[in-house]
2 protein chains.
Amino acid sequence: MIDILQMRYFVALAETLHFGRAAERLHISQPPLSRQIANLEKELGVRLLERHTRQAALTYAGRRFLEDSRAVLASFDQACRNARLADGGDLGELSIGFMMHAAHTVLPGLTRRFMASHPQVQVELREVVPNALADAVLTGRFDAAIMFNPGPVRGLDAHAIFREPLCLAVHARHPLAGREGIQAHDLVDERLIAAPADVAPTLREAVVGFCRLGGFEPTVRLEAQLQQTIVSLVAEGLGIALVPQSLRKMGVADVVFRDLQEAPTIEHVVVWRPGNLNPALRPFLSEAGIVPRQK
Amino acid sequence: MIDILQMRYFVALAETLHFGRAAERLHISQPPLSRQIANLEKELGVRLLERHTRQAALTYAGRRFLEDSRAVLASFDQACRNARLADGGDLGELSIGFMMHAAHTVLPGLTRRFMASHPQVQVELREVVPNALADAVLTGRFDAAIMFNPGPVRGLDAHAIFREPLCLAVHARHPLAGREGIQAHDLVDERLIAAPADVAPTLREAVVGFCRLGGFEPTVRLEAQLQQTIVSLVAEGLGIALVPQSLRKMGVADVVFRDLQEAPTIEHVVVWRPGNLNPALRPFLSEAGIVPRQK
DNA sequence: CGATCATGATACCGAAAGGGTATGAATGAA
DNA sequence: TTCATTCATACCCTTTCGGTATCATGATCG
C-alpha cells in the first residue's frame, strides 16, 4: 500500500534528482530509498523517474505526481498541526451568548483580548434575553454566557468578572433629578421600574434589598427585561429605576442618572458547563481571569 | 511516524464511532485498530475520541482532524490517480504549433476529437510562421506541429495526415477567371506569387514542378509566407498564385479560384520529436491516425 | 581504448511494526 | 448481582523497513 512515507521520499528525490543525496537528506541510506521508490512506482504502475547514470530526470507523470505530492504533504502536515491547535483551543469555534447589557461593559474588551490571542478561533457572539442564557449554555447552544449572576444553577459553573454599583435613573423633571446624596428612604412612594425576578434575580434582589435598608418595601408595577428598555420607560416618565451604572454611557434624552449613597452593586458572571469539552473554552475563561478547576 | 494508514483507520472509526464495526469495514480485527488509533493519538499528542462503554464520541480536536483527514485522503488518492492518468496521457498538457493554413483544414477536427477523448488534457494551440515550427518542436517548445511537409528533418519524425490539390487563384477580371480546364502551359508569362522555398519547400516545389511540366520555368517576383497573404496580393492584382484548395473557403473579394488539370498536391504533416516523453503525445498522434513506432 | 569512478540496484540481515488470537477490565443493561 | 458489550492489553507470527556489503552499468579520463 502506498503511504505518506513513500511520498516524502519521492519528493526529496525529485528535488535532488540524486538517490544518494536524497537519502542523506532523509537520514537514511541509499538502498532503502531506491527500494521505496521502486515500490512506489510498482504500486502506482507508473515510472516516475528516468534513471540515467549521471542523473535522474522526472517523467511527465513524475512531474505531475511531484506537484500533487507536495500539496498532499502540506495538507497532511497541516492536518496534524490543526489537531494539536484545536486541542489546545487555538483553533476552532467558540460561541458566546450574552445579555445586551454586557455589550456595554465587559464583552467588548474580553472579546477583543481573546480574539487577539487566539486569531484562529472563530468567535460567535449572540445577544439573548437573560433568562434564556442559562438554558442555552446547558443545552450546548453556547460554550459560555455573560449575564447577571443568576445564582447557583445546577450543571453550570459561574465566575464573577465584573461588579458595578447601581445608580438612580429619573426623568429630568423629577424632583430627585437635582439632588445629591440620595439615600434609600428618598425613594419611598416612588413608582419603581425593574426587571422581573425570574429574569435577573440578583439584580432584583439588589434593588429590593436597597429599599428595605431604607425601611420600606418597594412596589414594582412595571417590569421589563432589558435595562435599556427600563431607561426608556424612565424617559417616558413612567417611573424611576435603579440601573447598573454603565448605562450612563447611553445618551437618553430626558433621563438623569444620580449616584446613590451606599449603592448596591450587581455582578456580571461568566457561566459555562463544566463538562464542555470545547478546548477553546479554557483559554476564553483564562482571558476572563478565570482559572477553571480541573475536572 | 504518523502515516496515511492511521488516517484511513481514524476516518473509518470516526464515521462509525465503533471500533468493532470500523475494524470490520477496514477488513482487520479490532485490536490492531485500537492500537493504531492509540498510536495516532499518542503521536499527535491529542485525544481524538472519548471512549465510553456504549459508544465513542469525537472530541473537538477529533472533529477537526476528521474534516482535515477526509480532505487529505481525497487529495492523496487523487494524486495517485493523477499519476496514472498523466502516465497514460489522459491528464496533462499538450502544446501544438501549427501554420495558419492548418486552422482552415485539419486542425479544428483533430483538436476537437482529441479534446473530446482527453478532456483532462490542457491543449495549447499556437500559430507560428511555418519555417519556425520545426525548430520549435526540436527545442521542445511544442510537443507536435502541423505544417506543410518540410522534407526530412534530422531529429524529427513526420507523418502525412492530409493531402489537397492546389488550385489557381486569379483576380476576377483576369483572362483566366472564366476558363475551364486550365493547364500548366496556360500560366506562361504570368506573374506568380508564391511562398519562399525556405519557408515551405514542398509547396514551392509543387508550384515550380507543375510549371515545368507545362514546359516553362516560372518567375516568382513576389513572395509571402502565408497563403492568406498571397491570396490578398492576388486580390490586389499583383499576380496569380497556386494555393491549396481549402483557401477557397475564405471569401476574398475579387479573387476567383479555378481547378487545374493534373493539379499538383500538397501534404500536411504532423511532426514530433521521437524522444518526446509527454504521454499525451501518443494519443494525440493516434487521434491523427498515426501509430508511432515504439522506440 | 581500457582503467577508474560515480551511481543506482540487489542480496541479505537484524530490528521494528503490523495484524491476528486470546483474554482482561470497565460499564451499562437486565 | 449477573450478563453482555466494548475497548484495551498481551503475546505471537509475518511483513516491512533500514542498514551493510556488493554488483552492474555507463560516463570520464589518461
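Owing to the predicted nature of the structure, the values given are computational and were not obtained by experimental measurement. Order of the sequence lines sets the chain letters (A, B, ...), proteins ahead of strands, with each chain counted from 1.
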Distance-only donor-acceptor check, side chains A:Glu267 and A:Thr202, under 3.5 Å: no
Between C:dG18 (P) and B:Ile4 (CD1): distance, integer Å: 14 Å
Intermediate values then yes/no, side-chain contact (heavy atoms from CB on, under 4.5 Å), B:Val121 and B:Met115: CA-CA 7 Å; B:Val121 176; B:Met115 289 181 71; over 6 Å; no
Side-chain N,O (A:His18) to OP1/OP2 (C:dA6) below 4.0 Å: no
B:Asp198-B:Asn131 side chain donor-acceptor pair, cut-off 3.5 Å: no
Residues, nucleotides or ligands: over 12 heavy atoms within 6.0 Å of A:Gln78 CD: yes
Atom-to-atom span, CZ of B:Phe19 to P of D:dT6 - whole angstrom: 12 Å
Any donor-acceptor pair under 3.5 Å from A:Asp3 side chain to B:Ile4 backbone: no
B:Leu17 CG - D:dC7 P separation (whole Å): 10 Å
Enumerate, atom names and distances included, each donor-acceptor pair closer than 3.5 Å involving a side-chain atom of residues 83-91 of chain A, sequence neighbours excluded.
{"unit_1": "A:Arg84", "atom_1": "NE", "unit_2": "B:Leu44", "atom_2": "O", "d": "2.9"}
{"unit_1": "A:Arg84", "atom_1": "NH2", "unit_2": "B:Glu43", "atom_2": "O", "d": "3.2"}
{"unit_1": "A:Asp90", "atom_1": "OD1", "unit_2": "A:His118", "atom_2": "NE2", "d": "3.3"}

B:His268 and B:Phe148 aromatic ring geometry - parallel, tilted or perpendicular at 30°/60° bounds: perpendicular
Might you list the N or O atoms of the protein lying below 3.5 Å from N or O atoms in nucleotides 17-23 of chain D, with each pair's distance?
{"unit_1": "D:dC17", "atom_1": "O5'", "unit_2": "A:Gln36", "atom_2": "NE2", "d": "3.2"}
{"unit_1": "D:dG18", "atom_1": "OP1", "unit_2": "A:Tyr9", "atom_2": "OH", "d": "2.5"}
{"unit_1": "D:dG18", "atom_1": "OP2", "unit_2": "A:Gln36", "atom_2": "NE2", "d": "3.1"}
{"unit_1": "D:dG18", "atom_1": "N7", "unit_2": "A:Arg35", "atom_2": "NH2", "d": "2.3"}
{"unit_1": "D:dG18", "atom_1": "O6", "unit_2": "A:Arg35", "atom_2": "NH1", "d": "3.4"}
{"unit_1": "D:dG19", "atom_1": "OP2", "unit_2": "A:Ser29", "atom_2": "N", "d": "2.6"}
{"unit_1": "D:dG19", "atom_1": "OP2", "unit_2": "A:Ser29", "atom_2": "OG", "d": "3.1"}

Atom pair distance, as rounded to whole Å: CZ in B:Arg21 and P in D:dT5: 11 Å
N or O in side chain of A:Ser34 less than 4.0 angstrom from C:dG8 OP1/OP2: no
d(NZ, B:Lys42; C1', D:dT9) in whole Å: 14 Å
Aromatic plane relationship, A:Phe114 with A:Phe284 - under 30° parallel, 30 to 60° tilted, over 60° perpendicular: perpendicular
Spacing between A:Arg47 atom CZ and C:dG8 atom P, to the nearest angstrom: 13 Å
Between CD1 on residue A:Ile161 and CD1 on residue A:Ile146, distance to nearest 0.5 Å: 5.0 Å
Would you list the protein and nucleotides 28-30 of chain C atom pairs, both N or O, that sit under 3.5 Å from each other?
none

Protein-nucleotide distance (B:Ile2, atom CD1; C:dA17, atom P), rounded to Å: 14 Å
Protein-nucleotide distance (A:Ile37, atom CD1; D:dT16, atom P), rounded to Å: 17 Å
